[in-house]
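Down below is the structure, laid out as structure tokens.
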Amino acid sequence: MRRRCIPFESDTLRKFPWRRRYLVGVSGGRDSVALLHWLVDLGYRRLIVCHLNHQLRGRSSQADSRFVEKLVATWNKKTAVQLDFEPASADVRVLAKRNKTSIETAAREARYSFFAGVAKRRRCQTIFLAHHADDLVETFLINLFRGAGATGLAAMREVSTRRIGDVDLTIVRPLLSVWRDEIDSYLRERRLKFREDVSNKNLAPLRNRVRHRVIPYLEKTFGRKIRQNIWRTAMITAAEENWIVSQLPVSADHDDHLSVRDSRRLPTALQRRAILKWLRAQNVSEIGFEVIERVRSLLDPGSRTAKTNLPQNRHVRRRAGKLFLE
């Protein structure tokens, strides 16, 4: 029977009945452990715990995997819940070098590829992830500093769909309105164990610098409500972006090409979003403003250029009134 004595609130979960089966990403860290425990407390029983070992921290990464495996086994033994465990590993450093991307990008792509594989094999295409309000604020600021438009500023949403290969993965972030200190209180009150990632204190990654240096400075300068104000702006932007994306042609989702004529008819803002959506559907990563504008230039009837380069040695070519990926 579903229990309601839970401190977190999430209207998002009402769209995902607890009797159905779902994937849930669990790294072993505080956020994902809190998410898993919270979902079980809410009555979700048919969960498939997905854990990817990124092989970035040697024995610590292996210990994370053992911790999650033991956590699943313990809960299955002591409670009425029956969790499935889906582990995997990927050498992220090798992937980053091979694809000429950052460690962070390679890790993210490896995770989503893993999630999509499990989703296809288990015939379950919805996954819960533990991103929370502080993550949203950090992502918003990082994308803002990089010069992203509304699409980038709304990159983290409560519910979104990402096409990976032939899988349309529905990503649910039910903790996106919950702050890190609330998660800490939840773990502390329930005496839940988790794995501490010491790399979170390393200031080399940009996200950690934003978390430990930039945001505290902004709070000191503008006031303590700065995080809540940024969070609110990000949520408003996401809602508006969802509406804009709903106006795009369906072909931007699934076709292996874009019609030049149909794309030309769209306003500039929708052209950019259609190109972004199409490139993402083709699993193109690191899509920035300059990449989108180069592809958009191929729509110009007066342009003599019929080809433009993409990251990772890929190309977009205009041929017979269509844009193709090569």
Side-chain angles (χ1 to χ4, degrees), residues 6-13 15-16 18 21-44 46-54 56 61 64-65 67-69 71-72 75 81 83-88 104 107-112 114-116 118-119 124-140 142 155-162 169-190 192-200 205 207-208 210-211 227 231 234-235 238:
I6 306 299
F8 304 149
E9 294 293 333
S10 176
D11 292 335
T12 301
L13 283 183
K15 305 173 185 177
F16 301 92
W18 56 276
R21 184 169 57 174
Y22 302 98
L23 310 179
V24 54
V26 180
S27 66
R30 64 182 66 218
D31 304 333
S32 61
V33 168
L35 171 64
L36 180 60
H37 188 276
W38 181 53
L39 290 172
V40 170
D41 248 7
L42 281 173
Y44 289 85
R46 303 178 64 194
L47 296 175
I48 302 171
V49 176
C50 303
H51 174 83
L52 181 67
N53 179 352
H54 296 79
L56 290 172
S61 293
D64 291 346
S65 298
F67 171 83
V68 177
E69 183 177 14
L71 179 67
V72 170
W75 283 9
V81 69
L83 305 175
D84 289 342
F85 183 49
E86 284 278 356
E104 291 77 14
R108 181 173 60 252
E109 292 182 351
R111 281 196 302 275
Y112 281 108
F114 163 57
F115 294 153
V118 176
C124 175
Q125 296 186 324
T126 299
I127 184 166
F128 293 124
L129 297 180
H131 297 114
H132 49 73
D134 291 273
D135 291 325
L136 177 62
V137 170
E138 293 162 9
T139 300
F140 182 93
I142 289 171
M156 193 173 286
R157 309 178 194 182
E158 291 181 300
V159 181
S160 59
T161 300
R162 180 167 180 165
L169 188 66
T170 298
I171 302 166
V172 185
R173 300 180 174 94
L175 297 181
L176 215 54
S177 299
V178 179
W179 296 95
R180 184 178 289 115
D181 56 1
E182 294 179 287
I183 292 175
D184 289 342
S185 297
Y186 182 89
L187 293 166
R188 188 167 51 250
E189 290 169 2
R190 286 155 182 78
L192 298 177
K193 295 181 179 180
F194 57 87
R195 290 283 297 171
E196 191 72 69
D197 186 351
V198 295
S199 66
N200 288 333
R207 180 174 293 273
N208 288 353
V210 169
R211 178 181 304 168
R227 289 190 305 160
W231 177 88
M235 295 296 282

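When reading the values below, keep in mind they use all heavy atoms of this one structure, side chains included, and skip hydrogens, waters and symmetry mates.
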Margin query: Rounded at 0.5 Å granularity, tell me how far CG in Leu35 sits from OH in Tyr44.
Written below: 10.5 Å
Notebook entry, point to check: Checking His54 side chain against Leu52 main chain: does a donor-acceptor pair fall under 3.5 Å?
Noted result: yes
Checklist line | Nearest non-hydrogen partners of Ser177 and Glu182, listed with the distance | finding: O-OE1, 4.3 Å
Margin query: I need the minimum non-hydrogen distance between Phe140 and Ala234, along with the two atoms involved.
Written below: CD1-CB, 3.6 Å
Next item on the list: Quick one: pull up CZ in Arg157 and CD1 in Ile171 and give me the separation to the nearest 0.5 Å.
Entry: 10.5 Å
Note to self: Holding to salt bridge (Lys or Arg N to Asp or Glu O under 4.0 Å), I want the full list of residues that pass it with Glu196, two or more places apart in sequence or in another chain.
What the structure shows: Arg30
Next item on the list: For residues Ile183 and Phe194, determine if any side-chain heavy atom of one lies less than 4.5 Å from a side-chain heavy atom of the other.
Entry: no
Checklist line | Candidate pair Leu36 and Leu71, rule side-chain contact (heavy atoms from CB on, under 4.5 Å), full reasoning | finding: CA-CA 10 Å; Leu36 180 60; Leu71 179 67; 4.1 Å; yes
Checklist line | His51 and Ser65: side chain donor to acceptor below 3.5 Å | finding: yes
Next item on the list: With sequence neighbours left out, write down each residue that passes side chain to side chain contact (heavy atoms under 4.5 Å, CB included) with Thr126, or none if nothing qualifies.
Entry: Phe16, Tyr22, Thr170, Val172
Notebook entry, point to check: Quick one: do Arg180 and Glu138 make a salt bridge, cutoff under 4.0 Å?
Noted result: yes
Checklist line | Test salt bridge (Lys or Arg N to Asp or Glu O under 4.0 Å) applied to Glu86 - qualifying residues, sequence neighbours left out | finding: Arg121, Arg122
Next item on the list: Please report the shortest heavy-atom distance between Ile142 and Arg207, naming the atom on each side.
Entry: CD1-CA, 3.8 Å
Checklist line | Spatial distance of atom CG (Leu136) from atom CE (Met156) [nearest 0.5 Å] | finding: 6.5 Å
Checklist line | 4.5 Å side-chain heavy-atom contact, Val137 and Trp179 | finding: yes
Check: Can any side-chain N or O of Trp18 pair as donor or acceptor with the backbone N or O of Leu13 at less than 3.5 Å?
Finding: no
Next item on the list: Determine, stepwise, if the pair Trp75 / Leu47 fulfils side-chain contact (heavy atoms from CB on, under 4.5 Å).
Entry: CA-CA 12 Å; Trp75 283 9; Leu47 296 175; over 6 Å; no
Check: If you measure from CZ on Arg190 to OG on Ser185, what distance do you get to the nearest 0.5 Å?
Finding: 10.0 Å
Next item on the list: For His37 and Tyr186, work out which heavy atoms get closest and say how close.
Entry: ND1-OH, 2.8 Å
Checklist line | Atom pair CD/CG of Glu189 and Asp184 - distance to nearest 0.5 Å | finding: 11.0 Å
Check: Would Arg111 count as a cation-pi partner of Phe115, with NZ or CZ less than 6.0 Å from the six-membered ring centre and within 45° of the ring normal?
Finding: no
Next item on the list: State, to 0.1 Å, how close Glu158 and Leu176 come at their nearest heavy-atom pair, and which atoms those are.
Entry: N-CD2, 3.6 Å
Next item on the list: Find the distance between CG (Leu129) and CG (Leu169) and round it off to the nearest 0.5 Å.
Entry: 8.0 Å
Note to self: Looking at every heavy atom in both Ser27 and Asp64, which two are closest together, and how far apart are they?
What the structure shows: O-CB, 4.0 Å
Next item on the list: For Arg211 and Asp134, run side-chain contact (heavy atoms from CB on, under 4.5 Å): C-alpha distance rounded to whole Å, both residues' side-chain angles, the deciding distance at 0.1 Å, then the answer.
Entry: CA-CA 8 Å; Arg211 178 181 304 168; Asp134 291 273; over 6 Å; no
Next item on the list: Please lay out, stage by stage, how Phe85 and Val26 fare under the test side-chain contact (heavy atoms from CB on, under 4.5 Å).
Entry: CA-CA 10 Å; Phe85 183 49; Val26 180; over 6 Å; no
